[in-house]
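The structure under discussion appears below in the form of structure tokens.
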Protein chains: 2
Amino acid sequence: MPNDEQMTIREMCDAFDVTPRTLRFYEAKELLSPVRIGSQRLYTRRERARLTIILRGKRFGFSLEDIRQVLNLYARDGSNLAQMERTWDLAQDRLRAMEQQRDELTLAIGDLKAELETGAGLIAAARNQNAAPPGK
Amino acid sequence: MPNDEQMTIREMCDAFDVTPRTLRFYEAKELLSPVRIGSQRLYTRRERARLTIILRGKRFGFSLEDIRQVLNLYARDGSNLAQMERTWDLAQDRLRAMEQQRDELTLAIGDLKAELETGAGLIAAARNQNAAPPGK
DNA sequence: AATTGAGCTTACGTAAACGTCAGGATGACG
DNA sequence: CGTCATCCTGACGTTTACGTAAGCTCAATT
């Protein structure tokens, strides 16, 4: 692993299916901090890992600010104990929220499945009712 | 209790913890359609059910437009077969998305739990300022 | 009669998460 | 050497999901 550690912004965009604007925006929001060679950004393995977490968080409906908190948990530099404990508490709250969300999601999936079931029945019934409707 | 079928906008707001603006906004986006007595809105059991679905959808990170699609599934009036089938397909896609989201969420919860574990360890280590360096 | 309170419409404001465009620097290439 | 591609930094535009404020109606209360 010599130099493919570093990826350009375009390589990142292709790899993660995002735009340069998005990566720069995340940097402005302090979610990413790529190395600079001159003015050019280079993304390391660390940034890739963080971006993975960011995109995953987004799929869960978390705001970028929420995600920034979670990222702080991963970025343990042991700098400040009080800060770490605060972050830990925050993460526990977030964990509980996620577990509740998962449970609700499980219920909603059940509801939707049942609804689809009767929906299928209604469609079948509708098919029988008008044998040859004017198709398009 | 003959007339508690109908709820005013304020009663709805208190019951669901939303603002009047939110309910009017949902109406403008055709997610709700309360009865009008004069110019006043009255919400029936149906609207309450729809609002429940809306708020639940929001907690899953779905956009109002997404939710509107799902609501169409529940509002089966049997008017148009093609429309129903399209909606049904859409709902199936959405269901698969939800199941995948649930699975990802389950994984992420596991990750976060593990991370909290080591986080707790690090905090403890930081408290005993003589801890050995982590030889991971 | 005058005030108060709830509700209505219209319309401008706002925060989040980017999109898009202008203008400029830099290295690669024919 | 000029052109092209790629990157950069502003900076303004856009969409979503409401917040907020102004001004009007109407019924109940003081």
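In the text below, chain A, chain B and the rest are named by the order of the sequence lines, each starting its count at 1.
Of the candidates A:V18, A:I67, A:T22, A:L55 forms a side chain to side chain contact (heavy atoms under 4.5 Å, CB included) with just one, namely A:V18.
Distances shorter than 4.0 Å separate none of the side-chain N or O atoms of A:R41 from OP1 or OP2 on D:dC7. An OP1 or OP2 oxygen of D:dT9 is reached within less than 4.0 angstrom by a side-chain nitrogen or oxygen of A:R36.
Nucleic acid contact for B:K29: none, since no nucleic acid atom lies under 4.0 Å from a heavy atom of the residue. Here A:R10 lies in heavy-atom contact (under 4.0 Å) with sugar-phosphate atoms only.
A salt bridge links A:E27 with A:R41: at least one charged nitrogen is closer than 4.0 Å to a carboxylate oxygen.
Taking atom CD1 of A:I9 as the reference point, atom C1' of D:dT9 lies 12 Å away to the nearest angstrom. Summarising the geometry, the separation between CD on A:E27 and C1' on D:dC7 is reported as 13 Å, rounded to the nearest angstrom. When the C1' atom of D:dG10 is taken as reference, atom CZ of A:R24 falls 11 Å away, rounded to whole Å. Rounded to an integer number of Å, the gap from B:I67 CD1 to D:dA17 P is 8 Å. Rounded to whole Å, the distance from CD on B:E30 to C1' on D:dA17 is 16 Å.
Summary of the strand contacts: A:R21 and A:L42 both lie near DNA chain D, and taking for each the nucleotide with the nearest heavy atom, the more 5' one is attributed to A:L42.
Looking at heavy atoms from C-beta onward, A:L64 lies in side-chain contact with A:K58 at the 4.5 angstrom threshold. The side-chain heavy atoms of A:L23 and A:Y43, taken from C-beta on, include a pair separated by under 4.5 Å.
With sequence neighbours left out, A:T44 forms a side chain to side chain donor-acceptor pair (under 3.5 Å) with no residue at all.
On the nucleic acid side, DNA chain C has its first and last nucleotide under 4.0 Å of a heavy atom of chain A at C:dA17 to C:dT20, going 5' to 3'.
Minimum interatomic distance between B:L51 and B:M12 (heavy atoms only, all atoms of both residues): CD2-CE, 3.7 Å.
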